[in-house]
Each structure stands twice: as C-alpha cells, then as structure tokens.
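Below is one structure, written out as structure tokens; comments come after it.
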Amino acid sequence: MPDRSSRRSTPGALRVPGLSSRRDFLKFAPLAAVAEGARARPGKPNIIFILADDIGYGDLSCYGAERVRTPNVDRIAREGIRFTDAHAPASVCTPTRYAALTGQYAWRNPAGDHILSGEAPLSIDPSTTTLASMLKRAGYRTGHVGKWHLGVGERSRSLDWNLEIRPGPLELGFDYAYYYPATNDRVPCVYVENHRVAGLTAGDPLAISYAKQLGNEPTGREHPEMLKLKLLAGHDGTIVNGISRIGFMSGGKPAWWDDERMADTLTAKAVEFIEEKRSAPFFLYFATSNIHQPRWPHPRFRGAGGCGTRCDSIAEFDSSVGAVLAALDRKGLTDNTLLVISSDNGPAMDDGYQSFDVRDANGHDCNGPWRGYKGSLYEGGHREPFLARWPGRIRAGSQSGELLCLVDLLATMAAAAGQKLSGNEGPDSFNLLPALLGQARRPVRDHLVLQGNGSGRLAVRRGPWKLILATKPGESPELYNLESDPGETRNAAEERPGVVAELSRILAHNMAQRRSRPQ
Ligand code: CA
C-alpha cells in the first residue's frame, strides 16, 4: 500500500529526527531533500495505458463474453471501475492512436486522420504535446511498447530502415520504445528499438515497398500454396512466417518477427520496462498486437476459448494483461499505479484472411449489443471496453455510464500527475479524473465528435442522441436515440429536425473553434 499518511502531509510537517534549529536544518538539507522527494512520489502515480487492437465491446468476459474468459481484465473490473459508454475517437486504428496520444481529434489533422501505410512519415509534429512529453515534463520516465502506427521518419525524404529511424516515438517524448511501425498485417514486419530496427545484421539490408515487389521473396499473390493462413482480399504481398502481408519486404531476415511469439516478445519488453530500477514514476503505453489480423496466437492458447482463433487471441491478450499485473504485484507497485485498459476501435471479423471468425463464432457477439464493426460510425465501430484501476483512489468494483473518449486521456493523466495543460495542449481532451474517482457532479463532456474510416465520416453524440452526418450528395443524415434504440435501427432524422440542427451546429462550432475544451 502507498504511504497515504505521508501523501496527506504538507512540506511544513516534514519531520527529520533530531532536527530542531535552522542550523540543523541546513546541515541536514540534502537529507531533507531526499526525504521530500520520497514523500512527494506517492502523489504522482505510475501510469500504464494498455491499448488492445480491434477488441470489441463484447470480447471480454467482464463485458458479457461467454465463449472466452478474461480473468486478468476481469480483475481490473473487480478492483477498479468499468465504463459502459466509453468510445474510441475513431473506428479505425491510426486516428484513434493519434487522438489518444495528443488529446486532439485526428480529423483536425490530415496527416493522422486515416489508416497509415508502413511507409508514412510521422503524423504528429514533434512540437505537439503528447501523453509522453507531458508526463516527461512531470518527471516521469516514459516508455512505449507494441504497435505504433503513427508513421516514422520525415515527410521530406524516404526512410532508410537500416539507418536511424527518426523522428518517431522518442521525438514525441518517449524515453524508451520497442515497437513495430505499422500493423501486424503489413510491412515492415520488424521491431524497432529506440532508433534502430532490432536484430539487423551487417550486409543484409532491409528494404520495403508498397509499390513493387522487392528481391526474390515469394508473395501470397503468386504462391498461395505456401500460405498457412489463406487470404481473402489484399494482404497478398511478401510472405512472412507463412502469412502474406500488405506490401513488399526484402532483406534483414534476422530481424523479421515471429507472429506466434509476438505477444510474448512485446509483453516481456513491457514487463522489463515496469521492472526497471528507477527513482522517478513511470508511464508505459503498451499497445498490444492482439487481436488484430492475422491472428496467430502462441500454440499454448489454441482452444483456450470457444470461438476459434478470435477467442484464442483474446485469451492471449488477457495473458499479457496478467503478466503486467503480476509484475506490478511482484514489485510492490500495484497500489501506486493508475492502470487504464481499452481498445482502439471496434471488432473486425474475417478481415483480409480466412480466420473463420463467422464460422467459429459459436454465439460469441464481439460487438456486444451494438450495431456495426470496425470502420463503422454505428456504436459497434467505436464503443469500447474501458477499465481503470488505482487502488485507494478508484472505488473497487464500480461502474459508470459516463460518456468518455480516449482523446480524454491527455487531460486525465495530466490531472493525475498534477500537470496543468496550457491553452493549446490537448484541445479536445477533458479531464475524466472526477468520473474515475466517482466524484463527478455533472457530465465531464457535453458532447463527443466521433470519426469513422476517413476524416469525412463524422458523427456527433450528445445525451441519448447520435447524429451520423451525410457524407455525399444524395445521402441522408442518420439520427438515433441510443436510450430507446440502442441497436440504431430507427433513423429519427426526419421526425426530429431540431435535434439534427442542434447537433450539426455543435459540429460546425467544433470545426470553427479548432478545439472543444474551453481554454
Ligand atoms: Ca485497430
């Protein structure tokens, strides 16, 4: 348990044995400084943000899944708070991650508002405040492990993967990074540690291309007989571990990842980071590869769930969460760590590969009661599991229907770390801490703007109402009342023109102001 009595004490109340005069104080000043540093730390919790890839609202047993058990995530629900109206800012990967790290809606920035290729330059300007740079400013040691998918390198020139890879996570405030640059279904299929591809050897340079085949590596298009996981569409480039990817890659073979060890490799790096000896608090952004396609969990998870490889991959994700929890327990860090778990967008079924999600579903509802999947503006595309634990601060076993979004993490973690955000930082990020702590007197957010697959696809949520805007001439807006019609089956736009007008006005205001959080 943290030393709560010392957290409540004030600097003036500091007691150093035998200290009775100003002269004694000066003599013991270095000791006093050390004691003060030690005393102050419990006020700044360690922070871990675990972001799953493509896990849906119905994929975890604490959200109703019955075909798979997720005991480690369920432990967070039992020891912390579980939210039922939490949203990814977008229904696809890159814009969600952009918004979660910057506290700015991704549709405001064309560089980060769409799914990026593995060749894309860094989508976040290094001068932008991120979760990492804000917490670094607060004295944290900051680390990123896992999926990045925000681009790396400069806009002005193409990247040589054999040299230093920058700008990337380290230029956005991370002290340490062990990541894969894009997604697990596209090249480059390698890990980057800080500024270098991990495991590259001299004389075997790595090259990637999204335009043309490189070298003699077989592709899924030309050699479907070599595939252990058959493809449905796209994903027909270079074959890596018997699975073909989007794009082409050659050379650098010792650095190529092994899909069935991916969760273990990344989890080990996350645990290493947690267990580092350090005097400062830490922030870890752990973005898992599970459960994005191609799903190829370690053999020990085969048959772990009752809905084919989807459930096996969910069980593998839960095991990674368990390893993080065990590391915190082992190191005595559990009580002074704010842990948040969520997912970047709604679920995808049979997405690009023959994974048989539909055939093997066995009644498993990956999107819970919601309509739609990854990429959709219906709830299934963006309503996510969201759990938080901070022992002694967040009430164990609590639940909340507060409307929240991953774009709120910047302001929330700033509040947890005692940092003030200046005017331009996190322009769309609201402090959720009162909601986490069960102290919110009124809703944290008045409304929320959501993005689909592409920045032209937007929806506005306020109270029970959600307006999905028309994107093309001839299309009609869709308005749903999520309280009376959670399945979004009855478009109420024609019968409630006043609500359509009001939500449209809110979006126009958001766009004109370039921010939604008041300064
Ligand atoms: Ca995703």
Side-chain angles (χ1 to χ4, degrees), residues 49-60 63 73 86-102 105-107 112-118 120 123-124 144-151 179-187 189 232 234-235 245-247 259 262-263 266 285-297 309-310 313-314 316-318 320-321 340-353 355 357 366-368 370 372-386 405-407 409 450-455 457:
F49 172 33
I50 300 179
L51 186 63
D53 197 354
D54 290 7
I55 276 185
Y57 190 91
D59 275 330
L60 305 171
Y63 280 85
V73 181
H87 297 262
S91 62
V92 290
C93 181
T94 299
T96 281
R97 287 159 202 261
Y98 178 96
L101 280 189
T102 63
Y105 290 137
W107 50 264
D113 69 1
H114 59 288
I115 299 172
L116 292 181
S117 104
S123 59
I124 301 173
H144 168 52
V145 173
K147 179 174 181 173
W148 180 241
H149 208 188
L150 290 163
Y179 68 98
Y180 56 103
T183 63
N184 53 333
D185 63 351
R186 72 182 75 214
V187 301
C189 301
L232 289 175
H235 301 83
R245 319 285 164 154
I246 303 171
D259 294 78
M262 212 162 175
L266 297 176
Y285 168 38
F286 179 22
T288 69
S289 56
N290 302 80
I291 62 166
H292 196 286
Q293 299 271 19
R295 290 194 268 277
W296 202 265
T309 53
R310 175 179 204 90
S313 188
I314 294 169
E316 190 176 51
F317 168 76
D318 186 68
S320 294
V321 172
V340 173
I341 301 179
S342 192
S343 176
D344 68 337
N345 49 250
M349 302 276 280
D350 292 334
D351 186 17
Y353 298 97
S355 57
D357 279 31
C366 58
N367 50 1
W370 312 113
Y373 298 91
K374 175 179 181 176
S376 170
L377 272 171
Y378 298 120
E379 291 294 288
H382 49 80
R383 194 180 290 226
E384 298 299 334
F386 186 101
C405 181
L406 294 182
V407 75
L409 290 178
L450 294 150
Q451 183 196 320
N453 189 2
S455 61
R457 301 275 305 154

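Since we're looking at a predicted model, the values are computed, not measured. First listed ligand is number 1; within each ligand, the first listed atom is number 1. Side chains are part of it too, since the values below use all heavy atoms of this structure and drop only hydrogens, waters and symmetry mates. All residue numbers refer to positions in the sequence shown, counting from 1.
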S342 meets the side-chain hydrogen bond (donor to acceptor under 3.5 Å, both in side chains) criterion, sequence neighbours left out, with none

Here the Ca ion (ligand 1) sees protein N, O or S atoms within less than 3.0 Å, and their number is 5

So, T94 versus R97: side-chain donor-acceptor pair below 3.5 Å or not?
-> no

Is any side-chain heavy atom of D59 less than 4.5 Å from a side-chain heavy atom of P347?
-> yes

Hey, does I341 have a side-chain heavy atom less than 4.5 Å from the side chain of F317?
-> yes

Indicate the ring-plane relationship of H144 and Y285, choosing parallel, tilted or perpendicular according to the 30° and 60° boundaries.
-> parallel

Using distance alone, with no hydrogens and no angle criterion, decide if Q293 and S355 have a side-chain donor and acceptor under 3.5 Å apart.
-> yes

